[in-house]
K.L.:
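One structure coming up, written as structure tokens, with questions to follow.
So you know, we letter chains A, B, ... as the sequences are listed, proteins then strands, and number each from 1. All of these numbers come straight from a predicted model, not from anything done at the bench.
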2 protein chains.
Amino acid sequence: MNQAPVAVFDSGVGGLTVVNALRRELPDENILYLGDTARVPYGGKTQRTIERYSEEISRMLVGEGAKMIVVACNTASALALPHLREILSVDVEGVIAPGVRAALATTRSGHIAIMGTKATIGSGAYERALCEARSDIQVTSVPCPLLVPLIEEGLLEDEVTDMVLSRYLAPLRESGADTLVLGCTHYPLLARAISRCVGEKLTLVDSAANCAHAVAETLNRNGLRASSSQSGKLRLGFTDPPDRFLEVAGRVLGLDTTGAELRHVPPLD
Amino acid sequence: MNQAPVAVFDSGVGGLTVVNALRRELPDENILYLGDTARVPYGGKTQRTIERYSEEISRMLVGEGAKMIVVACNTASALALPHLREILSVDVEGVIAPGVRAALATTRSGHIAIMGTKATIGSGAYERALCEARSDIQVTSVPCPLLVPLIEEGLLEDEVTDMVLSRYLAPLRESGADTLVLGCTHYPLLARAISRCVGEKLTLVDSAANCAHAVAETLNRNGLRASSSQSGKLRLGFTDPPDRFLEVAGRVLGLDTTGAELRHVPPLD
């Protein structure tokens with residue numbers, strides 16, 4: 001039994017979709033969330049920069065007693081996970097492997113589409129993981145660079161968003177893919193608009209629930225689960241003061257975001 | 001005579017529009033440019049964060065011998081200029097005051113519209129400066145949060161950009177405003193699309209040329225002009241490795257961007 005927090009980080013508010021899944025799967029665990037809104041978005045930046053930001057944040061969270069790090073950001077999972085696993089003393093779970101497992105469990109045609117930021121798609125992390133798991137799988141990757149800015153603007157139901165989605169995703173309708181991985185933790189907030197765009201031929205898969213399962217398994221395996229004598233606390237921190245959209249996201253996800261704090265991430269030496 | 005560089009910074013590539021104007025106005029000056037692409041965009045972030053980023057960059061540039069700092073970013077000019085002037089030993093010029101002078105010289109109706117990022121518009125910096133200069137002036141402010149992401153995506157001529165512009169700007173056509181200030185150094189890259197959207201009723205004004213005049217005046221006043229025996233050099237640095245869009249921007253602006261370097265901005269103590 002271990003009351004130390006599970007720490008979760010993302011470039012912004014998108015990782016709250018993972019927090020939501022963790023709260024359902026592990027209601028007794030204390031959760032410490034860090035959204036790097038002062039440097040959001042990560043999706044257009046390079047591996048070097050994303051590794052540095054991820055390391056700074058993870059070292060801070062481990063320094064505050066985190067018993068495990070959850071990288072609730074596909075861009076950082078795609079580009080910084082090996083680096084974090086090399087340098088950190090605690091377990092690190094990302095969102096790519098759980099998303100891959102969910103996609104493989106869903107597809108019947110064996111053709112899976114992935115949508116993500118430019119950095120996530122450019123990393124090839126999903127293709128590699130899917131093909132390692134099943135060599136006969138066909139993958140179509142779709143970089144969607146404008147979605148995070150549109151979501152951070154709160155345009156969840158909007159004709160501009162629909163037009164951008166249509167440009168990115170309409171070609172998938174006739175592609176033969178039957179499964180669409182929401183390869184960015186922001187995208188579940190657009191699930192309705194995405195479903196409207198791709199129609200019923202594709203099943204949407206997000207990694208949040210599968211990521212929460214993976215975290216539970218890791219904690220169980222290491223004997224690190226919290227005692228169930230009290231319900232877990234959620235502590236939210238952001239590197240730029242939270243704005244109106246945090247409320248919107250909180251409402252969509254059913255999370256109380258009123259106590260969110262401003263945090264400073266110490267740079268590496 | 002002083003061969004020390006004039007240092008120019010922006011959150012990304014937008015400030016190159018100011019570099020372009022400086023090269024025309026002051027061809028003998030060495031210019032040192034820093035684009036903070038690892039933390040772009042600034043426009044949705046808060047004053048506290050923008051002041052910190054601006055201070056870190058300015059201290060680095062002054063440490064490298066800059067004889068003057070040009071804040072070629074409207075968001076940082078709107079929110080961090082007083083702070084920078086307080087802490088730095090060299091002159092600091094921003095883009096707001098030059099844009100205001102250009103707008104006042106252009107308007108006949110006395111009604112000026114400003115487009116900018118959420119942070120720039122929210123700061124009220126343009127309204128204050130315009131009303132201080134001429135109390136009878138009428139100002140309409142239009143926050144345009146999606147334009148920097150669209151421009152950084154290279155969608156300079158695109159129906160999505162046109163739709164977003166139309167939403168932001170179409171109401172201006174019948175407003176009585178006759179002058180439209182491009183209150184973000186990225187926006188001159190969209191000048192054609194913006195003109196198409198607002199029609200001929202509004203004259204577009206950008207601060208780049210006026211900012212370059214102001215820099216020349218300051219250097220002259222302080223006896224800091226470079227000798228004209230050789231043409232000035234341009235050194236470009238970015239905090240995230242430069243990508244394809246830097247080339248696009250360079251081509252649009254006629255700047256050679258091939259020697260751009262990756263730079264690290266030291267954090268404050």
K.L.:
Quick check for you: to the nearest 0.5 Å, what is the distance between A/Arg48 atom CZ and B/His264 atom NE2?
P.N.:
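Output value for this atom pair is 10.0 Å.
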K.L.:
Chain A: which of B/Gly44, B/Pro41, B/Pro266, B/Pro145 shares the most heavy-atom pairs with it under 4.5 Å?
P.N.:
B/Pro145
K.L.:
For chain B, which of A/Thr46, A/Thr239, A/Thr37 has the most heavy-atom pairs under 4.5 Å?
P.N.:
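Option with the top pair count is A/Thr46.
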K.L.:
Answer with side chain, backbone, both or neither: which region of A/Tyr53 has an atom nearer than 4.5 Å to a non-hydrogen atom of chain B?
P.N.:
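For A/Tyr53, side-chain heavy atoms alone lie under 4.5 Å from chain B.
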K.L.:
Does any backbone or side-chain atom of B/Leu150 lie under 4.5 Å from a heavy atom of chain A? Answer side chain, backbone, both or neither.
P.N.:
both
K.L.:
How long is the span from the CZ atom in B/Arg167 to the CD atom in A/Glu159, to the nearest 0.5 Å?
P.N.:
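Going from CZ on B/Arg167 over to CD on A/Glu159, the span is 5.5 Å.
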K.L.:
Is any side-chain heavy atom of B/Leu146 closer than 4.5 Å to one of A/Leu155?
P.N.:
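Touching, per the 4.5 Å side-chain cut-off.
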K.L.:
Count the heavy-atom pairs under 4.5 Å between each of B/Val40, B/Ile50, B/Val164 and chain A, then report the option with the highest count.
P.N.:
B/Val40
K.L.:
Can you tell which part of B/Pro267 gets under 4.5 Å to a heavy atom of chain A, answering side chain, backbone, both or neither?
P.N.:
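Contact with chain A involves the side chain of B/Pro267 alone.
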K.L.:
Is it true that, when you exclude B/Arg192 itself, more than 12 heavy atoms of the residues, nucleotides or ligands shown sit nearer than 6.0 Å to its CZ?
P.N.:
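Atom CZ in B/Arg192 is not crowded, with 12 or fewer foreign heavy atoms closer than 6.0 Å.
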K.L.:
Using heavy-atom distances under 4.5 Å, tell me whether A/Asp158 contacts chain B through its side chain, its backbone, both, or neither.
P.N.:
side chain
K.L.:
Which region of A/Pro149, side chain (C-beta onward) or backbone (N, CA, C, O), has a non-hydrogen atom less than 4.5 Å from a non-hydrogen atom of chain B, or is it both or neither?
P.N.:
both
